[in-house]
Amino acid sequence: MKREDLCHTGSHKLNNTIGQALLAKRMGKKRVIAETGAGQHGVASATVAALLGLECQVYMGEEDTKRQSLNVFRMNLLGTEVIPVKSGTRTLKDAMNEAIRDWVTNVETTHYMLGSVGGPHPYPMMVRDFQSVIGLETIEQINKAEGRLPSVVIACVGGGSNAMGIFFPLIGKGVRLIGVEPAGLGLETDQHGAPLTKGEKGVLHGSLSYLLQDEYGQIKPAHSISAGLDYPGVGPEHSYLKENGLAEYGSVTDKEALDAFVLLSRTEGILPALESSHAVAYLEKVMPELSKDDIVVINLSGRGDKDVQVAASALGVEL
Amino acid sequence: MITRTKTNRIDNLFAKLRENKKSALMPYLMAGYPDIETSLRLLVAVARAGADLVEFGIPYSDPLADGPTIQVASEIALKNKINTDVVFELVRKARKETDIPIVIMTYYNTVYRYGMDRFAKNAAECGADGVITPDLPPEEAGPWKEVALKHGLATVMLAAPTSTNERLKKISEASQGFVYCVSLTGVTGARDNLPVNLTDFISRIRNITDKPLAVGFGISRPEQASQIAKIADGVIIGSALVNLIGKNKDNCIEAATAYISEIRQAMDN
């Protein structure tokens with residue numbers, strides 16, 4: 001496991017926010033804004049803003065502020081104001097809409113710290129570059145431990161920043177790169193967040209990629225048990241990797257992710273984020289294709305403490 | 001260099017207004033708001049009340065350039081089951097009642113997903129004169145511009161106060177019919193005051209292009225419209241009108257007619 005859950009603030013998101021906050025400083029911007037789904041990017045943004053003395057406001061879908069109330073409180077503690085977004089589906093996509101509206105209004109004073117590899121140029125490229133530290137560290141660490149590269153790398157894909165971060169330095173190096181999308185209640189239903197598997201080409205938030213949309217281009221709501229994967233689009237470079245066969249993409253359901261959440265907790269003593277649990281769950285699907293000598297790296301993008309309420313409710317436990 | 005094959009109603013309008021040293025009144029309406037049938041009647045009503053050109057919006061699930069007023073109207077219009085084909089039908093019906101230019105305003109994904117050529121062909125056939133795509137940057141506009149011009153549709157691009165002169169040049173070159181000048185840094189929505197640097201912004205674009213310049217975003221009151229008419233070729237009024245329609249559900253046709261007449265008067269005096 002590549003343990004990004006051990007990063008300060010509990011996920012890989014900090015890799016990107018440190019880079020962007022330093023950039024904001026250099027540009028002379030005194031205020032930063034961010035969107036957040038699960039709250040991980042919001043907490044990472046709030047943290048660097050506190051450290052570097054920047055004013056910070058985070059947009060979060062109203063639905064997500066309820067699912068992830070713990071992270072809302074963490075952001076408040078760090079001195080960040082969380083603005084609940086009540087438009088549209090009240091999730092990550094709408095938080096991003098609202099952040100972009102704020103940005104175009106306050107562009108003279110404000111830097112938008114976009115949290116994933118989506119959005120308009122140069123964000124997909126810039127966030128990828130900041131997150132590629134995950135892949136670079138993976139190469140260094142696995143070489144030290146095993147003397148060779150892994151056979152397979154598995155990462156979850158919502159917007160796709162942790163996956164792009166671990167994939168990018170490994171592209172073309174003979175490693176099977178597998179991105180795992182949330183199949184929600186099932187790919188055959190309308191309740192999933194798997195645009196690479198079930199979507200069509202379209203433009204959302206300034207980039208051309210696969211999207212969940214209807215025949216007239218209206219964006220369809222996504223669904224996932226994990227707020228961080230609950231997004232109807234995906235970073236454009238993932239679409240590029242898929243179309244060119246440089247990475248492959250599968251999916252796991254809410255239930256499979258939940259089972260993996262429990263499994264990793266019991267077997268390794270690690271509570272994975274529900275997002276990362278999707279990558280863990282996919283291991284079972286890929287195992288039959290592997291031999292004993294193969295090395296598999298799972299990108300454990302975040303820790304699961306934030307998800308205990310959601311998990312308890314999904315498992316039918318009253319807290 | 002591609003040029004439009006047909007003479008367009010938009011070009012004729014601005015040529016005539018320029019001769020008379022007048023500015024165009026260009027209200028925006030959301031198709032399907034407050035309901036499908038009424039949005040058609042509103043289009044015809046504002047044309048009769050003195051509008052020179054109507055912008056007719058196809059609602060989009062994620063209207064990034066719009067403030068709360070048009071976001072809410074979009075959500076309601078989509079709940080009313082409007083879609084691109086229905087909007088084209090409304091334009092076809094409106095064409096029988098009025099001859100002023102009708103310009104469709106929508107986000108690029110609506111065009112892209114429908115199929116650019118099919119969109120342009122159907123829009124032109126039903127009698128629309130142009131399409132405004134606020135989220136399409138000029139660098140990416142090539143393929144769309146090509147098919148739109150083939151079908152005689154104007155492609156209208158947006159210029160912002162933050163655009164550099166170099167970029168304003170690109171935007172004006174990609175823009176046909178008129179250049180949509182965004183009065184401020186921000187999203188659509190009525191504001192109390194006009195931005196202080198608006199005159200400078202407009203004269204900066206004037207030095208770059210001789211295409212007609214229409215100003216939108218934040219304009220709501222007659223005196224604001226009259227001020228802008230002195231410096232620009234067109235005055236766009238969107239959110240204020242949509243607001244008014246929302247607040248006067250039972251008599252929105254009368255309310256919109258009175259409002260547009262009042263703006264018209266202020267601009268003509």
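Chain naming here is simple, since letters A, B, ... match the order of the sequence lines and numbering starts at 1 in each.
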Select one option (side chain, backbone, both, neither) describing which atoms of A:I219 are under 4.5 Å from chain B's heavy atoms.
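Looking at A:I219, backbone and side chain both touch chain B.
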Give, as side chain, backbone, both or neither, the part of A:K201 having an atom under 4.5 angstrom from any heavy atom of chain B.
both
Greatest number of non-hydrogen atom pairs under 4.5 angstrom with chain A, of B:G115, B:P68, B:P63, falls to B:P63
Which residues, numbered in order, of residues 180-204 of chain B come under 4.5 angstrom of chain A by heavy-atom distance?
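Residues B:T185, B:G186, B:V187 are the ones that qualify, each having a heavy atom under 4.5 Å from chain A.
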Taking 4.5 Å as the heavy-atom cut-off, does anything in residues 71-88 of chain B contact chain A, and if so which residues?
B:Q71, B:E75, B:L78, B:N83, B:T84, B:D85
Rounded to the nearest 0.5 angstrom, the CG-OG distance for A:L204 and B:S61 is 7.5 Å
Out of curiosity, B:D62 CG to A:M96 CE, how far, rounded to the nearest 0.5 Å?
10.5 Å
Is the CG atom of A:N76 crowded by more than 12 outside heavy atoms at less than 6.0 Å?
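Check passes, neighbour count above 12.
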Exceeds 12 heavy-atom contacts within 6.0 angstrom, atom CD of A:E188:
yes
Using heavy-atom distances under 4.5 Å, tell me whether B:Y60 contacts chain A through its side chain, its backbone, both, or neither.
both
Determine the option with the most heavy-atom pairs under 4.5 angstrom with chain B, choosing from A:D214, A:N106, A:D94.
A:D214
Name the option with the most non-hydrogen atom pairs under 4.5 Å to chain B; the candidates are A:I100, A:T105, A:T89.
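The option with the most such pairs is A:T105.
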Would a 4.5 Å heavy-atom cut-off, applied to side chains only, mark B:I58 and A:Y216 as touching?
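The answer is no; the side chains never approach within 4.5 Å.
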Considering only residues two or more places apart or on different chains, which pairs with a residue in residues 102-129 of chain A satisfy salt bridge (charged side-chain N to carboxylate O under 4.0 Å, His left out)?
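Qualifying pairs, neighbours excluded: A:R31-A:D102, A:R128-A:E237.
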Taking salt bridge (charged side-chain N to carboxylate O under 4.0 Å, His left out) as the definition, give me every residue that meets it alongside B:E55, ordered by chain and number, with sequence neighbours left out.
none
Closest heavy-atom contact between A:R101 and B:D66?
NE-O, 2.9 Å
Looking at every non-hydrogen atom in both residues, tell me the closest pair between A:G217 and B:N109 and how far apart they are.
O-ND2, 2.9 Å
